[in-house]
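Written below as structure tokens is the structure these notes are about.
These numbers come from the heavy atoms of this one structure, side chains and all, not from hydrogens, waters or symmetry mates.
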Amino acid sequence: MGRKLMEYHIISGAVIETRRSYLPARNGAKKRGCRRAGASSAKKIAANEKQEALRLARILNTNFGMSGGYLVSLKYDENRLPQSYDELCENGSKLMRKLSTLCKREGIELKRVLINANFSPRYQRPSRLHHHLVINELSLDLLRKLWPEQQLHIRTLERGDLSELASYLLANVHDIGAGKKKWACSK
């Protein structure tokens, strides 16, 4: 039994990712191995995090790499600051539902990716709770109606490969618990 080199391409907007892997050259289906319960190894956790960053990068490149958009940091003042990460996530979900409703009323297509952040990759320590939102250009004015202007920090996205942005955004989330998602996107 030999091995066969397979090559395939993943196209995400202007970015084309080439993947190569060896597949066994045999007939018939492979039997699935047995699953083992328990904690994942550090190597597997690192591989999962790398795949999550790739998935986010593909979504960003497909939806914002060629058309552009904005990276918006949504901050909280002392009066509105959530008490926990779960409350932060709930606030982010409510905000996205309200934004989606406003966009539907105005006839605007909403493209967005929301990251609920609790960590500072620059200082390598927990940070004040906040949101990062990657959003298309048309829905930015509607977002300003829902969030205080002085607590918005808006940056224009560069067109092209947004893989580094995906890695940065995921580095803003740490220790949220098993089974919880670090980001959520529109359909």
Side-chain angles (χ1 to χ4, degrees), residues 39-40 44-46 48-65 67-157 162-187:
S40 299
K44 182 60 181 169
I45 291 170
N48 288 343
E49 288 174 355
K50 184 178 178 184
Q51 285 302 313
E52 186 176 18
L54 273 174
R55 259 185 54 230
L56 181 57
R58 290 174 188 148
I59 287 173
L60 292 176
N61 286 328
T62 300
N63 293 295
F64 305 101
S67 62
Y70 296 101
L71 172 62
V72 183
S73 296
L74 304 160
K75 302 183 181 198
Y76 289 93
D77 62 10
E78 289 300 324
N79 300 330
R80 297 176 49 231
L81 185 66
Q83 299 302 312
S84 67
Y85 186 79
D86 290 334
E87 189 179 338
L88 176 76
C89 294
E90 182 62 35
N91 289 351
S93 296
K94 285 179 185 176
L95 176 68
M96 292 302 103
R97 285 193 298 270
K98 288 177 184 177
L99 183 60
S100 177
T101 302
L102 276 177
C103 286
K104 283 180 186 173
R105 270 192 216 140
E106 298 289 327
I108 295 172
E109 180 188 12
L110 174 64
K111 292 182 180 179
R112 57 101 182 148
V113 176
L114 176 71
I115 295 89
N116 299 307
N118 65 352
F119 192 79
S120 172
R122 175 188 275 172
Y123 301 113
Q124 291 297 308
R125 62 185 162 105
S127 71
R128 190 176 172 91
L129 297 175
H130 62 286
H131 306 282
H132 290 291
L133 179 64
V134 180
I135 195 167
N136 58 329
E137 296 173 0
L138 299 174
S139 48
L140 184 62
D141 291 331
L142 297 176
L143 179 64
R144 285 187 170 116
K145 293 179 183 178
L146 298 173
W147 203 265
E149 184 73 34
Q150 58 275 27
Q151 295 170 21
L152 285 173
H153 185 260
I154 302 167
R155 284 168 267 172
T156 304
L157 289 179
L162 298 174
S163 300
E164 287 182 23
L165 175 62
S167 297
Y168 167 75
L169 292 173
L170 289 177
N172 276 270
V173 184
H174 271 263
D175 300 327
I176 59 172
K180 292 187 179 179
K181 291 175 65 173
K182 291 185 176 183
W183 53 276
C185 62
S186 57
K187 293 181 180 172

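At least one side-chain heavy atom of V173 sits under 4.5 Å from a side-chain heavy atom of Y85. Residues R144 and I154 are in side-chain contact: their nearest non-hydrogen atoms beyond the backbone lie under 4.5 Å apart. Contact annotation: the side chain of F64 approaches that of V113 to within less than 4.5 Å [non-hydrogen atoms, C-beta and beyond]. You'll find the side chain of I135 reaches within 4.5 Å of the side chain of L99, heavy atoms only. For the pair P121 and H174, the minimum side-chain heavy-atom distance is 4.5 Å or more. The side-chain heavy atoms of R80 and D77, taken from C-beta on, include a pair separated by under 4.5 Å.
Contact detail for M96 and R112: the closest heavy-atom pair is SD-CD, 3.3 Å. Nearest heavy atoms, Q124 versus F119: C-CZ, 3.5 Å. L129 and S84 make their closest contact through CD1-O, 3.6 Å (heavy atoms, listed as atom of the first residue, atom of the second, distance). The nearest pair of heavy atoms linking P82 to N91 is CG-ND2, 3.6 Å. Residues C185 and I59 come closest through the heavy atom pair SG-CD1, 4.1 Å. The two atoms that bring C103 and L142 nearest to each other are SG-CD1, 3.6 Å, heavy atoms only.
Not a single donor-acceptor pair under 3.5 Å links the side chain of N118 to the backbone N or O of P126.
Ring planes of Y76 and H131: tilted class, angle from 30 to 60°.
Between R128 and E78, at least one side-chain N (NZ, or NE/NH1/NH2) sits under 4.0 Å from a carboxylate O, which counts as a salt bridge.
To the nearest 0.5 Å, the span separating CD on E164 from CG on L60 amounts to 12.5 Å. The SG atom of C89 lies 10.5 Å from the CD atom of E87; values are rounded to the nearest 0.5 Å. Separation of atoms CG (L152) and OG (S73) is listed at 9.0 Å; rounding is to 0.5 Å. L169 CG to K182 NZ: the interatomic distance, rounded to the nearest 0.5 Å, is 11.5 Å. The distance from atom NZ of K104 to atom CG of L110, rounded to the nearest 0.5 Å, is 9.5 Å. In this structure, NE2 on H132 lies 10.5 Å from CG on L170, to the nearest 0.5 angstrom.
Within 6.0 Å of the CZ atom in R122, the count of heavy atoms belonging to other residues, nucleotides or ligands does not exceed 12.
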Audit row: L95, L74, side chain to side chain contact (heavy atoms under 4.5 Å, CB included) steps and yes/no: CA-CA 11 Å; L95 176 68; L74 304 160; 3.6 Å; yes
Intermediate values then yes/no, side chain to side chain contact (heavy atoms under 4.5 Å, CB included), W183 and R55: CA-CA 11 Å; W183 53 276; R55 259 185 54 230; 3.6 Å; yes
